[in-house]
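Heads up, the thing below is written out as structure tokens.
Values below: every heavy atom of this structure, side chains too, minus hydrogens, waters and symmetry copies.
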Amino acid sequence: MKLRSEQVTKGAERAPHRSLFYAMGYTKEELERPLIGVCCAHSEIVPGHFHLDKVADAVKAGVRMAGGTPIEFPSIGVCDGIAMGHAGMKYSLASRELIADSVETMTMAHCLDGLVLIPNCDKIVPGMVMAAVRLDVPAVVCSGGPMLAGHADGQDVSLSKIFEAVGARKAGLIDDDGLMEYEQGVCPGCGSCAGMYTANSMNCISEAIGIALPGNGTIPAVDGGRLRLAKQAGMAIMNLVEKGITARDIIDEKSVLNALTCDMALGCSSNSVLHLLAIANEAGVDLSLDTFNEYSAKVPNLCHLAPAGDTHMQDLNAAGGIQAVLNELDKKGLIDTSHITASGKTVGENIEGKGVKDYSIIRPLDEPYSETGGIAILWGNIAQNGCVVKRSAVAPEMLVHTGPARVFDSEEDSIAAIFGGEINEGDVVVIRYEGPKGGPGMREMLGPTSALAGMKLDKTVALITDGRFSGASRGASIGHVSPEAAQGGEIGLLQEGDVITIDIPAAKIHADVSEDEFAARRAAYTAPEPRVKTGWLARYQRAVSGADKGAIMK
């Protein structure tokens, strides 16, 4: 077996290289084994990453047990919750590209033979997966696991509830003590926040796509099973290195479609659209927004985890987890079971005997929450390249809605209007210049959506943006409008009071504005100055693609 690491460990001409390894305490015997990069996003600023040093230790133990030499290196990671609602959120999606580039840099510069990637939250997971596929080296994802649900006001809760509680406090529906109960109760410990938000969506998708071992998406962070999984991941990477199974053997068109199928069944975050597009791009897979609607039409929605329902990741784990979901989907041949996974086994071998343990958590195929998947793509004259909605988190009465546009050019302006009582039932809140270029960075609009939900307006008010939404958002929250305002999209030409119709079942979104009127408005339009002119976000702004392409770097 020819190893990449031999470029820095073998032969007389590599004596200088070996001397540098010896300076760090590596032994001759360790340098004769495969060198496995362990990329760990541990930090003391992200609850989902606070414990990843322990996961990394377990991974390294597994690598050593299987005859390899683990070499740990770090990754940055943004906590979307802490970055929410201010300029820091501009850095979240953009950090995905930094993470992918840094993993590529460390792997190529040091000739590593394989990778175990240890993310947990939001953009860190797809960034690491993108790097693995780009590099096409043996790789296993081993995430840190979900947080347990918290408890407040007599119910199990997770992060979305505290954002909604802010809206309830502003509306006078709860007092300061009630807010404090949520504040101290929703996040009981380490792990990725307990609902089917972006972090858990991507950890589940990593399992469904095959780059992570069974259990990766749902075993709680504080469960001993998470450390056992980490040791198994360390052993699994050695098997992949020995057999020459690389990331692109695991992630190709078939496995991407498996992941998309699971996404629809779970009702994942709308951010999963951006990230699956970006991962597919790295894998050379032609994935478009049309494909999402094609699969949404044929894959039923089987799960309603928070914020769509009252169940959480620990409940999904107890019901059998992602393997049980795949097993259920396989009953109608909705997934490809022949594909190889990071376990060294096929999807079919992984799911054998892994039936659903609790059909109140994972609905049977013949009794789904809906016959259509959890995500829908809409098109129309203000989203000619498409926009995205988490259909499974939309109240039935808001699936079709018509109302007047309330137009804002930033998240901050919209929040001020919502908290100021300026939004009325029936309105369609429009937030623009928050896209990948316009933001820049495509901020999440969890603040506005949660404020509306907390003020009991989520079943009467819609929200449209060229930005995006947290997986914790619920309601008729329609994001990723493309082309965005900063690219000349029609969303930038909307005016206060324009009548907008949203028809999610028909996949349509339309402003009652004629083509001639749009043309006249465009002729009078003056583009605003870029909001960021220095630093790496300015470079990102120049190079990033539209949301319909996954907000990838050109």
Legend entry - Straight-line distance of F163 CZ to L446 CG, nearest 0.5 Å: 4.5 Å
Inset, instruction - Without swapping roles, check the side chain of R522 against the backbone of G488 for a donor-acceptor pair under 3.5 Å. - result: yes
Inset, instruction - First locate atom CD1 of I478, then atom CE of M445, and finally report the distance between them rounded to the nearest 0.5 Å. - result: 14.5 Å
Legend entry - Pairwise side-chain contact, I500 with V430, heavy-atom cut-off 4.5 Å (strictly under): yes
Inset, instruction - Could you grab the distance from atom NZ of K549 to atom OG of S482, nearest 0.5 Å is fine? - result: 9.5 Å
Legend entry - Approximate separation, where rounding is to 0.5 Å, of K298 NZ and T261 OG1: 6.5 Å
Inset, instruction - Check I491 against I431 and note the closest heavy-atom contact, atom names and distance. - result: CD1-O, 4.3 Å
Inset, instruction - Please report the shortest heavy-atom distance between L117 and A132, naming the atom on each side. - result: CD1-CB, 3.9 Å
Legend entry - Between CD1 on residue I322 and SG on residue C262, distance to nearest 0.5 Å: 4.5 Å
Inset, instruction - Return the minimal non-hydrogen interatomic distance between L494 and F518, and the atom names on each side. - result: CD2-CZ, 4.3 Å
Inset, instruction - Report yes if the side chains of S450 and V166 come closer than 4.5 Å at any heavy-atom pair, otherwise no. - result: no
Legend entry - Test item: R406 and V461 side chains (from C-beta on) under 4.5 Å apart, heavy atoms: no
Inset, instruction - Look at the side chain of N293 and the backbone N and O of D290, then say whether any donor-acceptor pair between them is shorter than 3.5 Å. - result: no
Legend entry - Side chains of V407 and Q495 in contact at under 4.5 Å (non-hydrogen atoms): no
Inset, instruction - Might you work through the side-chain contact (heavy atoms from CB on, under 4.5 Å) test for I124 and V46, ending with a clear yes or no? - result: CA-CA 11 Å; I124 301 89; V46 186; 6.0 Å; no
Inset, instruction - Ignoring hydrogens and angles, tell me if any N or O in the side chain of E434 forms a donor-acceptor pair with the backbone of M442 under 3.5 Å. - result: no
Inset, instruction - Check each of R96, K90, K123 against D80 using the salt bridge (Lys or Arg N to Asp or Glu O under 4.0 Å) test, and report the only one that passes. - result: K123
Inset, instruction - Using a 4.5 Å cut-off on heavy atoms from C-beta on, say whether the side chain of V532 contacts that of Y540. - result: no
Legend entry - Residue pair E425 / T460: nearest heavy atoms and the distance that separates them: CG-OG1, 3.5 Å
Legend entry - Polar side chain donor-acceptor pair, D252 to H339, under 3.5 angstrom: yes
Inset, instruction - Evaluate whether atom CD1 of I45 has more than 12 neighbouring non-hydrogen atoms of other residues, nucleotides or ligands under 6.0 angstrom away. - result: no
Legend entry - Side chain S192, main chain G48, donor-acceptor under 3.5 Å: no
Inset, instruction - Starting at OG1 of T218, measure out to CD of E207 and round the result to the nearest 0.5 Å. - result: 6.0 Å
Inset, instruction - Quick one: do T449 and S473 satisfy side-chain hydrogen bond (donor to acceptor under 3.5 Å, both in side chains)? Show the steps, please. - result: CA-CA 6 Å; T449 59; S473 294; 2.9 Å; yes
Legend entry - Other residues, nucleotides, ligands: >12 heavy atoms within 6.0 Å of D286 CG: no
Inset, instruction - Using atom types as modelled and distance alone, determine if a side-chain donor or acceptor of H480 lies under 3.5 Å from a backbone N or O of D548. - result: no
Inset, instruction - Could you tell me whether a side-chain N or O of Y295 sits under 3.5 Å from a main-chain N or O of G373, the two making a donor and an acceptor? - result: no
Legend entry - Student check: side-chain heavy atoms of I377 and S288 closer than 4.5 Å: no
Inset, instruction - Would you verify whether the NZ or CZ of K161 falls within 45 degrees of the ring axis of Y182 while also being under 6.0 Å from that six-membered ring's centre? - result: no
Inset, instruction - Could you tell me whether a side-chain N or O of E411 sits under 3.5 Å from a main-chain N or O of R443, the two making a donor and an acceptor? - result: no
Legend entry - Full working for salt bridge (charged side-chain N to carboxylate O under 4.0 Å, His left out) between D101 and R134: CA-CA 10 Å; D101 291 350; R134 181 188 303 171; 2.9 Å; yes
Inset, instruction - Determine yes or no for a side-chain-to-main-chain donor-acceptor pair under 3.5 angstrom, with R169 supplying the side chain and G454 the backbone. - result: no
Legend entry - Between R391 and S296, a side-chain donor and acceptor under 3.5 Å: yes
Inset, instruction - Might you confirm whether atom CD of E422 has over 12 heavy atoms from other residues, nucleotides or ligands at distances under 6.0 Å? - result: yes
Legend entry - side-chain contact (heavy atoms from CB on, under 4.5 Å) assessment of L329 paired with L302: CA-CA 9 Å; L329 292 168; L302 305 182; 4.2 Å; yes
Inset, instruction - Could you pull out the closest heavy-atom pair between S392 and N301, with the gap in Å? - result: CB-OD1, 3.4 Å
Legend entry - Neighbour count >12 (heavy atoms, 6.0 Å) for atom CD, E496: yes
Legend entry - Derivation of the side-chain contact (heavy atoms from CB on, under 4.5 Å) call for D458 and R474: CA-CA 8 Å; D458 56 302; R474 61 186 174 98; 3.0 Å; yes
Inset, instruction - Look at atom CG of D310 and say whether more than 12 heavy atoms of other residues, nucleotides or ligands are closer to it than 6.0 Å. - result: no
Inset, instruction - Determine, stepwise, if the pair I209 / I250 fulfils side-chain contact (heavy atoms from CB on, under 4.5 Å). - result: CA-CA 8 Å; I209 211 169; I250 294 170; 5.6 Å; no
Legend entry - Closest non-hydrogen atom pair between P146 and N200, with its separation: CB-OD1, 3.5 Å
Legend entry - Trace of the side-chain hydrogen bond (donor to acceptor under 3.5 Å, both in side chains) decision for N271 with E444: CA-CA 9 Å; N271 279 315; E444 290 183 343; 2.9 Å; yes
Legend entry - Side chains of H304 and R363, donor plus acceptor under 3.5 Å: no
Inset, instruction - Kindly say whether C39 contributes a backbone atom to a donor-acceptor pair with the side chain of S75 at under 3.5 angstrom? - result: no
Inset, instruction - With the side chain counted from C-beta on, respond yes when L289 and L277 share a heavy-atom pair under 4.5 Å apart, and no when they do not. - result: yes
Inset, instruction - For N120 and H49, indicate whether the former's side chain and the latter's backbone hold a donor-acceptor pair under 3.5 Å. - result: no
Legend entry - Residue pair V428 / H401, side-chain heavy-atom distance below 4.5 Å: yes
